[in-house]
> 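First the structure, then my questions, so here it is.
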Amino acid sequence: MDRRKFIYSSVAAVAAAGLASCAPRPSEHKPGTSGRMVMRFYPYELQLAHRFTVASYSRSSTPDVQVEIEYDGVTGYGEASMPPYLGHSVESVCGFLSKVDLGMFESPFLLEDIMEYLDTLSDGDAPAKAAVDMALHDLVGKLLGAPLWKIWGYNPSKAGATSFTIGIDSPETVRQKTLECAEKYRILKVKVGLDSDEMMIKTIRSVTDLPLAVDANQGWKDKYKALDEIYFLKEHGVVLVEQPFAKENIDDAAWLTERSPLPVIADEAVQRLSDIPRIRGAYSGINIKLMKCTGLLEARKMIACARADGLKVMLGCMTETSCACTAIAQLSPAADFCDIDGNLLITNDLFKGMVVSDGLMQLPSGPGLGLVRL
Ligand code: MG
């Protein structure tokens, strides 16, 4: 469909649904004439190829808001994805974006000032802030004529492998999904945290010997059972464990990390840069996601902070289009583990960007995020 028509029709659909506040904000600044930034945004429901189940929820689609920022005739793309368990919604994201006035900033190069300003508007709203950050980074790269990984000095051949996630399901479905993806990926991520953990691992192991990462999504309750399970997982080729206990349970995480033969990575327990000192000593590493941390600017600071603390760095994503997945993938040469498969789980992607070939991420060579609008 023609892109302009698509945006128009999306906005019309929103207005018809009673979400008029989500419509693009009128602006008196004309791109290409004033040199000021103009932002547009519209909701976009991401359709999942398979129903997705983790320890605490199950769903078949994910709400999302697409953002475009235009500056001197150049468009930067960004995205806010809102898995329901994080408490954000299309309404909250659009409500936040409606408050944002980029007209007071001279150019998208003022990233530090703009992101500081966004934090003065609210304490939360990380996905909405990430969408703005992403679009600004895309603009900066496009205006400089270089991909972000190049601007930051990363070697794209070190982008490495991404894991592909297998959600909690029946043994038949898990077996089928594993068969489908074992040939395409070099590492799989397995959702655990329910009573079916052993079944999940044994079913996958009946199909493939690929290394596995597991994510308990805060589902484990008992630290002694958790340690036993980690030894079982290590024997079955698991290489890391993500978020074993409830995010507030720092003491048990520290107890487990001290004894675990596998790295224990904090996901839900770490949202932003300021959370890292709080989990010091309790985990072996952190999982950085743009929708948690407000975007690439803060993600890069978190990588530096994690390294200074001797922590491993994992990069993750939500269910997202290739826009946000390609954005976080720009940082992949600086990470130990990547779990950037959100775009591979949906059937209605809007972009072509980072692609996975033989299990390895290939970063696009185009400027900014390097996206091609489909
Ligand atoms: Mg996780």
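Residues take their numbers from the sequence shown, with the count starting at 1. Just so you know, ligand 1 is whichever comes first in the structure, and atom 1 is the first atom listed for that ligand.
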> Does L369 offer a backbone N or O that forms a donor-acceptor pair with the side chain of Q330 under 3.5 Å?
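Flag set: sc Q330 to bb L369 pair under 3.5 Å.
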> As a test of reading the structure, name the N/O/S atom of D215 that is nearest the Mg ion (ligand 1).
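Going through the N, O and S atoms of D215 one by one, OD2 ends up nearest to the Mg ion (ligand 1).
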> Nearest N/O/S atom of D267 with respect to the Mg ion (ligand 1), by atom name, please.
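Going through the N, O and S atoms of D267 one by one, OD2 ends up nearest to the Mg ion (ligand 1).
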> For the Mg ion (ligand 1), does an N/O/S atom of E268 lie at less than 2.8 Å?
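No.
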> Hey, is the main chain of P127 close enough, under 3.5 Å, to the side chain of K292 for a donor-acceptor pair?
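No; judged by distance alone, with no hydrogens or angles, the pair does not exist.
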> Tell me whether the Mg ion (ligand 1) has E242 as a neighbour, meaning an N, O or S atom of it below 2.8 Å.
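Under 2.8 Å: E242 contacts the Mg ion (ligand 1) through an N, O or S atom.
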> Check each of T319, D341, D215 against T165 using the side-chain hydrogen bond (donor to acceptor under 3.5 Å, both in side chains) test, and report the only one that passes.
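Passing option: D341.
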> Can you tell me if CD on E116 sees more than 12 non-hydrogen neighbours from other groups inside 6.0 Å?
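Not more than 12 within 6.0 Å, no.
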